[in-house]
2 protein chains.
Amino acid sequence: MARTKSIHNRAELIEEAAVELFSRYGYERTSIEDIAKHLGIGKGSVYLEFRTKEEILMRVVEKHALKIQAMMDERTENIKGSPLESLKETFLMCALMVYDYVTRDFHTPEALLYTSLQFKPRFSAFYVRKRERVLKFLKRAAEAGEISPRKANEKTAITFLMGAASLFPPYFNNYTESEQRMTRDELEQSAKALLKILVDGLRESNK
Amino acid sequence: MARTKSIHNRAELIEEAAVELFSRYGYERTSIEDIAKHLGIGKGSVYLEFRTKEEILMRVVEKHALKIQAMMDERTENIKGSPLESLKETFLMCALMVYDYVTRDFHTPEALLYTSLQFKPRFSAFYVRKRERVLKFLKRAAEAGEISPRKANEKTAITFLMGAASLFPPYFNNYTESEQRMTRDELEQSAKALLKILVDGLRESNK
DNA sequence: TTTTTGACCAGATTTTGTTTTTAGTCAATT
DNA sequence: AATTGACTAAAAACAAAATCTGGTCAAAAA
């Protein structure tokens, strides 16, 4: 007699278990068998859903990236007043979201997205998408007459992202006295000040 | 009969040999004895000039930092036109200077100044001094009426430095397509664009 | 017949024990 | 008084053995 699939959302359960275990123990120190045991299934079953361990990681990171992207999309679509002001607020929110993810547990796989040189090339799609969101903001700003249309290009988006890079991990806080990692409050203050200058700069470059 | 010191500038010679060998082989892979042999002196003599190996490294890095600082000082004193324009040019020059140092040979001890998490706390003085230079520029800009005097403070200097951080090592070039390390030309283009926005932002914040 | 499993394997990683290197000292030498 | 290099303790490099783990697949379960 034909056997029916016992669990339908197995892939999803594996993802959830992976988030849990990767966050607690880190990616390298979590084995496929750990994940299987955690769910009470056989190791082989994991490989019925994912081809490799890395694929699980990528899926987990992807999920996180999509959350942030969704937030950005939502805000890109519903711009009320000034697009540039909206860009500023969005990036502040984005920086804080990432901070919360990463500091909740430093082993969180999302941290890899920002810190791992090894995986960085694999995440390029994420960065490209982020760049596209910024470009969208710039185009809206051009439509609203806040910046010159010829400034609403990819190059300007990259420049903006480079300027804002220090608001994302790894947090190299060289110029402040404080020894240890930035606090959430420090980040918020820095982000506000830096984003203000960057956005004002975009505006000014108009003239 | 009392013996006289055979070499007067021994400390200096040791520094020069250290730069040479550290650059070629790296800090860890250069031993004190290597340095001594390179100069044809005894190992113990090195310790008559320096207390530890790390002290030699710090001296070497210090020397490099002083060179960059001297450049900045020279430009701070001789501001012809707009202080903000001068700040922009100075930072472009600074970024390129550092790039040349660091890429000449990746083992160059100066690279540590920017890349080593281990040594970073030891170099805080360098960063503070750099911050002070920026502050000086801001004060001159305030005097010239380019920015509001209340903006010529430490906090703004830090914000500016954070914004310009991606122009210095380690070069995290996330948002560009290119896989490998930034070329000098790419850096120059990026630096010009980013510094323009930052400086324009400082000016705009005035209003 | 289809789904699930865990024993199995090769390669990577960790551990353990040994050897070599080296930062720093100091009694002997110049 | 100035200089040296043999010396030491600790660290680093290395090698060998033991363990772990990503991925496979024939067999078991349904």
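Numbered from 1 within each chain, the chains take letters A, B, ... in sequence-line order.
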>> Looking at A:Lys37, I want to see if its NZ is surrounded by more than 12 non-hydrogen atoms of other residues, nucleotides or ligands under 6.0 Å.
In response: no
> What is the distance, rounded to the nearest whole Å, between atom OH of B:Tyr47 and atom P of D:dT3?
Replying inline: 17 Å
>> So if I take residues 23-37 of chain B and measure heavy-atom distances to DNA chain C, which residues fall below 4.0 Å?
In response: B:Thr30, B:Ser31, B:Ile32
> Does a nitrogen or oxygen in the side chain of A:Ser45 sit under 4.0 Å from OP1 or OP2 of C:dT4?
Replying inline: no
> Just how far, in rounded Å, is P of C:dA23 from CG of B:Leu21?
Replying inline: 12 Å
Is there any protein nitrogen or oxygen under 3.5 Å from a nitrogen or oxygen in nucleotides 7-16 of chain C, and what are the pairs?
none

> Tell me: NZ of B:Lys53 to P of C:dA23, nearest whole Å?
Replying inline: 4 Å
>> Is any side-chain heavy atom of B:Glu62 closer than 4.5 Å to one of B:Phe126?
In response: no
> Between B:Tyr99 and B:Tyr171, is the ring centre distance below 6.0 Å?
Replying inline: yes
>> Whole angstroms only, please: what is the NE2-C1' distance between B:His8 and D:dA2?
In response: 13 Å
> Going by atom types alone, do B:Thr76 and B:Asp73 pair a side-chain donor with an acceptor below 3.5 Å?
Replying inline: no
>> Run the side chain to side chain donor-acceptor pair (under 3.5 Å) test against A:Thr103 and tell me which residues pass, sequence neighbours left out.
In response: none
>> Measure CD/A:Glu55 against C1'/D:dG23 and give the value in whole Å, please.
In response: 13 Å
>> Ring centroids only, cut at 6.0 angstrom: are B:Phe160 and B:Phe137 within range, meaning strictly under it?
In response: no
> Looking only at side-chain N and O atoms, does B:Arg10 come under 4.0 Å of OP1 or OP2 in D:dA2?
Replying inline: no
> Is the Lys NZ or Arg CZ of B:Lys53 less than 6.0 Å from the centre of B:Tyr27's six-membered ring, within 45° of the axis?
Replying inline: yes
> Between B:Arg59 and B:Glu12, is the closest basic N to carboxylate O distance under 4.0 Å?
Replying inline: no
> Are the aromatic rings of B:His107 and B:Phe22 close, with centres under 6.0 Å apart?
Replying inline: no
> Given D:dT3, D:dG23, C:dG24, which nucleotide is nearest the side-chain atoms of B:Leu48?
Replying inline: D:dT3
